[in-house]
Trainee: 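Shown below is the structure under consideration.
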Amino acid sequence: MTLITDIRLRRVLDSRGNATVEADVLTESGGFGRGKAPSGASTGEYEAIELPANEAIANAREEALPRLIGEVHAGNQRDVDAALHAADGTDDFSGIGANSAVAISMAAAKAGADVLGAPLYQHLGGTFRGNEYPTPLGNIIGGGEHAADATNIQEFLAAPVGAPSVEEAVFANAAVHQEVHDILADRDLPAGKGDEGAWAPSVSDDEAFEIMDEAVETVADDFGFAISFGLDVAGAELYDADEDGYVYDDGVKSTQEQIEYIAGKVEEYDLVYVEDPLDENDYEAFADLTAQVGDQTLVCGDDLFVTNVERLQAGINADAGNSILIKPNQIGTLTDAVDAIELATASGYESVVSHRSGETEDTTIAHLAVATDAPFIKTGAVGGERTAKLNELIRIEDNAV
Ligand SMILES: O=C(O)[C@@H](CO)OP(=O)(O)O
Ligand SMILES: [Mg+2]
């Protein structure tokens, strides 16, 4: 029933106005699925390779489609993804492009779910998945590689940990976003938005901490539940080997100073989440920070682990971090992403499913987060390509997909 009978690939726009890959998968019994690849700006050194969309499409048409059409069942996700790997023939998807691979992988999953007549999260997670929904981490203030002349830390993320429902959590994050706008206006600080819709004011990181703290407190009082916040430091973007340290507007911090700085912020603001606080090659520094604050916050590896089981295993062996960011396009297929989640779970690490700074209206990650019982999903707070996922989470919770 789910035998793949056709795959169509095309170039479409992403949220930055760049070309990305869209894939349609059709099956024998009329099943249909469509997937679109997102794209990073602060990409990790060890990520799977995204090719220019045209090239990725041409290569996938030549190498992957003949191995999938009439050969593989969309309902057998591991077979689909193994065929993609075989067609690619490299270990970083530089043959057909991780953008073609992930678009086809997600489209096949949706076609498989369509044939079953089941929501994607049930197809991926099965009926015995847990009963929890992820807390959305909302990007509220940001800079780094996502906006010029703004904060050095890439993302200040609202975390409505006390929300009684996904719906309340989503609205709380939007309210924090609005509250920060009001605080900035009061302080005469004009701000545009970065790639993910976060405010990108020209303020110091210290002022951003203070504004976030004030905003989450105000909104928590209004909504009547706890809202914390967290960070994506994107440490690899700050680290400069020539300087042997982390380069901020106000000076360079040595690795030891960076660890103390982040640990201090975790204490001061009760941060619940700290992503990539250190460079992507420094397992040891991650381990030092985790030893200090790992019992009170999630120390999450994004560029450190790149959704890759080998890098995650190295991290587990070194006690580096206690959670992993999961981005399917960082590794190329849903199977690889789920393998990373399974290794994380088996090792006591949490998994946080994430969007990219360049996004589309695709909602697969909302389903993946629910399917795998992820405690958090990072997918922005406002903006159409972000609300696509947030609104899908609300629908999933409402049994309306
Ligand atoms: O660093 C990150 O976690 C992501 C998403 O927020 O950014 P990018 O997609 O640019 O890598
Ligand atoms: Mg990150």
Side-chain angles (χ1 to χ4, degrees), residues 14-18 20 36-50 98-99 102 134 136-148 150-159 173 177 193-200 229-239 246 262 271 273-282 286 298-308 311-312 315 321 323-332 337 340 350-360 362 365-366 368-369 374 376-383 385-386 388-390:
D14 76 8
S15 56
R16 278 194 275 253
N18 294 329
T20 190
K36 275 181 267 296
S39 174
S42 63
T43 45
E45 189 180 334
Y46 304 101
E47 290 197 22
I49 304 296
E50 175 188 325
N99 36 348
V102 81
L137 294 168
N139 193 356
I140 307 295
I141 303 176
E145 292 296 300
H146 294 170
T151 53
N152 293 143
I153 289 177
Q154 182 178 282
E155 300 168 24
F156 290 79
L157 301 153
N173 280 351
H177 192 267
K193 290 180 188 169
D195 286 355
E196 298 180 359
W199 299 114
F229 71 103
L231 308 173
D232 180 2
V233 179
E237 305 293 339
L238 296 175
Y239 183 71
Y246 295 80
I262 299 295
L271 302 178
Y273 179 79
V274 184
E275 177 184 328
D276 280 352
L278 294 145
D279 181 57
E280 62 201 332
N281 290 305
D282 204 342
F286 262 87
L298 287 185
V299 179
C300 186
D302 169 16
D303 293 345
L304 179 73
F305 295 141
V306 291
T307 317
N308 178 313
R311 291 193 60 87
L312 175 60
S323 62
I324 176 174
L325 202 70
I326 299 292
K327 294 169 165 169
N329 85 315
Q330 220 170 28
I331 192 69
E350 300 284 9
S351 298
V352 178
V353 176
S354 172
H355 65 168
R356 302 306 307 250
S357 49
E359 263 296 340
T360 74
D362 193 282
I365 59 165
L368 182 64
F376 288 108
I377 182 170
K378 188 174 89 153
T379 187
V382 296
E385 70 282 3
R386 318 292 154 187
K389 284 86 164 159
L390 297 169

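Read the numbers this way: they start at 1 and go in the same order the structure lists the ligands and their atoms.
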Trainee: Using modelled atom types and a 3.5 Å cut-off, is there a donor and acceptor pairing between side-chain atoms of Asn329 and backbone atoms of Gly332?
Mentor: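 Here the side-chain-to-backbone pair does not exist.
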Trainee: Is there a donor-acceptor contact under 3.5 Å from the side chain of Asp302 to the main chain of Asp276?
Mentor: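 No; judged by distance alone, with no hydrogens or angles, the pair does not exist.
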Trainee: Distance check, rounded to the nearest 0.5 Å: Ser354 atom OG versus Lys378 atom NZ?
Mentor: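 Taking OG in Ser354 and NZ in Lys378, the distance rounds to 4.5 Å.
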Trainee: Can you check whether His146's main-chain N or O pairs, donor with acceptor, with Ser357's side chain at less than 3.5 Å?
Mentor: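 Between the backbone of His146 and the side chain of Ser357 there is no qualifying donor-acceptor contact (under 3.5 Å).
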Trainee: Apply salt bridge (charged side-chain N to carboxylate O under 4.0 Å, His left out) to Asp279 and list each qualifying residue two or more places apart in sequence or on a separate chain.
Mentor: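 Scan of Asp279 (salt bridge (charged side-chain N to carboxylate O under 4.0 Å, His left out), adjacent residues dropped) gives none.
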Trainee: For a quick check: using heavy atoms under 4.0 Å, what are the residues in contact with ligand 1, sorted by chain and number?
Mentor: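 Residues near ligand 1: Gly40, Ala41, Ser42, His146, Gln154, Glu155, Glu196, Asp232, Glu275, Asp302, Leu325, Lys327, His355, Arg356, Ser357, Lys378.
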Trainee: Please give me the protein atoms (N, O or S only) lying under 2.8 Å from the Mg ion (ligand 2), ordered by chain and number.
Mentor: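 Short answer, with waters excluded from the count: Asp232 OD2, Glu275 OE2, Asp302 OD2.
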Trainee: Quick one: do Arg356 and Glu50 make a salt bridge, cutoff under 4.0 Å?
Mentor: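 No, this pair does not count.
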Trainee: Considering non-hydrogen atoms only, spot the tightest contact between Glu385 and Asp195 and give its length.
Mentor: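 Taking every non-hydrogen atom into account, OE2-O, 4.1 Å.
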Trainee: Kindly write out the residues that satisfy ring pair (Phe, Tyr, Trp, His ring centres under 6.0 Å) with Phe286, not counting sequence neighbours, or none if the list is empty.
Mentor: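 None.
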Trainee: Can a donor-acceptor pair be found between the side chains of His355 and Glu196 at a distance below 3.5 Å?
Mentor: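 There is such a pair between these side chains.
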